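Working notes, structure below.
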Protein chains: 2
Amino acid sequence: MKQNSNVPAFLSKLWTLVEDSDTNEFITWSQNGQSFLVLDEQRFAKEILPKYFKHNNMASFVRQLNMYGFRKVVHIDSGIVKQERDGPVEFQHPFFVQGQDELLENIKRKVSSTRPEEGKVCQEDISTILSNAAKVQVQQETIDLRLFTLKRDNEALWREISDLRNKHVQQQQVIRKIVQFIVTLVQKNRLVSLKRKQPLLLNTNNSPKSTRLQTMVKETVEDNHH
Amino acid sequence: MKQNSNVPAFLSKLWTLVEDSDTNEFITWSQNGQSFLVLDEQRFAKEILPKYFKHNNMASFVRQLNMYGFRKVVHIDSGIVKQERDGPVEFQHPFFVQGQDELLENIKRKVSSTRPEEGKVCQEDISTILSNAAKVQVQQETIDLRLFTLKRDNEALWREISDLRNKHVQQQQVIRKIVQFIVTLVQKNRLVSLKRKQPLLLNTNNSPKSTRLQTMVKETVEDNHH
DNA sequence: GGTTCTAGAACC
DNA sequence: GGTTCTAGAACC
């Protein structure tokens with residue numbers, strides 16, 4: 001086996017262990033070389049493991065295997081009673097194949113979740129989301145209330161406008177009638193007025209605001225002449 | 001031990017196993033009776049376990065212990081080298097105490113998570129939450145837009161009202177001046193009018209709307225007399 | 001990255 | 001509820 005520095009210590013040791021013919025009675029390649037067998041789990045754990053690792057527990061060994069993506073090969077036992085209960089333990093990995101050590105570097109250890117993962121949803125995130133949702137809800141209620149108030153104001157404004165427009169029209173009519181009355185009056189008194197040389201002033205002070213009335217009267221008079 | 005049917009099979013068997021003096025060389029109470037010891041893990045697993053359970057794996061036994069809330073008692077080894085590596089395995093549970101079998105019924109198996117747990121946050125929940133948040137956001141924008149429109153309408157309405165009020169005031173002034181003019185006119189022509197026996201009608205048709213003008217004129221005339 | 005204890009999940 | 005395989009998490 002090439003001393004490939006890209007391959008983690010565990011995989012190097014495992015490869016050596018499986019290859020080594022001295023340990024074949026405990027751990028060795030399976031028939032087809034696609035997996036390896038642990039033949040005597042108990043002695044393997046207590047006698048072999050500590051020579052390569054810092055422990056003598058099968059569980060720790062299996063944990064590492066799973067960490068590197070190895071899967072246990074389960075034996076169906078052909079449906080009959082489970083004879084040979086303490087049969088060999090078998091593990092397999094697509095890139096752990098007899099005679100193909102160049103595949104080893106493709107075996108990756110699963111990422112440790114020491115830091116809280118980015119993609120993971122923790123309770124804190126949920127709390128934040130729910131808190132924000134509550135805030136949005138409160139905000140929503142405030143807006144709804146304001147919307148309702150505005151709408152009501154709007155309706156009141158429309159009513160007032162309608163009222164003012166009506167008043168405006170009524171005043172317009174009043175003014176028109178007054179003007180007609182004046183016109184009638186003026187026409188009847190024209191001769192008299194002309195004799196008295198009295199100018200047709202409609203207000204005592206000659207402010208610009210009087211112009212409008214004068215114009216109206218004039219227009220009405222002229223209209224009547226048409 | 002009372003045959004308490006409330007106690008799960010595992011706990012009954014474990015209690016029996018620890019109590020039984022025949023198995024004391026494999027599993028027994030610790031000194032203070034607050035925990036139990038497995039003295040020879042390998043022989044215990046292969047020789048004792050299958051007599052009580054449907055397996056001979058220490059791992060399965062430990063899994064059950066954890067499932068029922070037992071905790072391993074870890075030995076500090078006083079900081080010195082870990083001698084006695086294969087020392088006894090020790091497990092403890094607050095309600096698993098020598099001589100107090102009545103406490104056993106307080107030990108509860110942790111709920112199996114076969115069904116997706118209620119209290120658990122799954123990816124689906126997150127998706128739902130985010131989806132709803134997006135909807136709320138869209139809704140919020142709609143409301144904001146409507147609020148903006150309403151506000152603008154409101155301002156326009158206020159402007160129109162202000163405008164109409166001004167017009168109203170102006171018309172009011174116009175009317176007042178017209179009335180004053182008429183009053184002046186009427187006062188000057190009073191003698192003439194009286195001689196002619198002409199009634200003071202301000203409009204050709206005698207509709208109710210004319211009442212207002214008549215009243216105004218009358219009031220103004222009376223005001224001028226004060 | 002390695003070791004240990006505990007838990008999740010699937011299957012029985 | 002029990003058994004098995006795999007994974008999480010803490011600690012080294």
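Below, chain A is the first sequence line, B the second, and so on; all start at residue 1. For clarity, every value in this text was computed on a predicted model and none was experimentally measured. Side-chain atoms are counted along with the backbone in the values below, which use heavy atoms only and exclude waters and symmetry mates.
For A/H55, whose side chain is taken as the heavy atoms from C-beta onward, the closest listed nucleotide among C/dT3, D/dT6, C/dA7 is C/dT3.
One can place CZ of B/F53 at 7 Å from P of D/dT3, the figure rounded to the nearest angstrom. Taking atom NZ of A/K108 as the reference point, atom P of C/dG2 lies 13 Å away to the nearest angstrom. Straight-line distance from the NZ atom of B/K54 to the C1' atom of D/dG2: 5 Å, rounded to whole Å. Going from atom CE of A/M58 over to atom P of D/dT4 covers 14 Å, rounded to whole Å. Separating the NE2 atom of B/H75 from the P atom of C/dT3 is a distance of 21 Å, rounded to the nearest angstrom. Here D/dT4 presents its P atom at 11 Å from CD of A/E41, a figure rounded to the nearest Å. Note: CZ (B/F70) to P (C/dT6) measures 12 Å, nearest angstrom. In this entry the distance linking CZ of A/R109 with P of D/dG8 reads 12 Å, nearest Å.
In the model, A/Q171 has a side-chain atom that pairs as donor or acceptor with a side-chain atom of B/Q172 under 3.5 Å.
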Run A/N32 and A/S30 through side chain to side chain donor-acceptor pair (under 3.5 Å) and show every step you take. CA-CA 6 Å; A/N32 60 16; A/S30 66; 3.1 Å; yes

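Under 4.0 angstrom from either OP1 or OP2 of D/dT3 there lies no side-chain N or O belonging to B/N57. Between B/K72 and C/dT4, a side-chain N or O to OP1/OP2 separation shorter than 4.0 Å is absent.
Taking all atoms of both residues into account, the shortest heavy-atom contact from A/Y68 to A/P8 is OH-CB, 3.3 Å.
Aromatic pair A/W158/B/W158: ring centres not closer than 6.0 Å. In summary, the aromatic rings of A/W29 and A/F96 are positioned with their centroids under 6.0 Å apart.
By the 4.0 Å N-to-carboxylate-O rule, B/K167 lies close enough to B/D163 to be salt-bridged with it.
Near-neighbour residues of DNA chain C inside residues 60-68 of chain B, defined by a heavy atom below 4.0 Å, number-ordered: B/R63, B/N66.
Using cut-offs of 30° and 60° on the angle between ring planes, the pair B/H93 and B/F95 is tilted. Classification of the B/F61-B/F53 ring pair by plane angle, with boundaries at 30° and 60°, yields tilted.
With sequence neighbours left out, the salt bridge (Lys or Arg N to Asp or Glu O under 4.0 Å) criterion links A/E160 to B/R165.
Across its full length, the helix from C/dG1-D/dC12 to C/dC12-D/dG1 shows an angle of 20° between the axes of its 5 terminal pairs at either end, rounded to 10 degrees.
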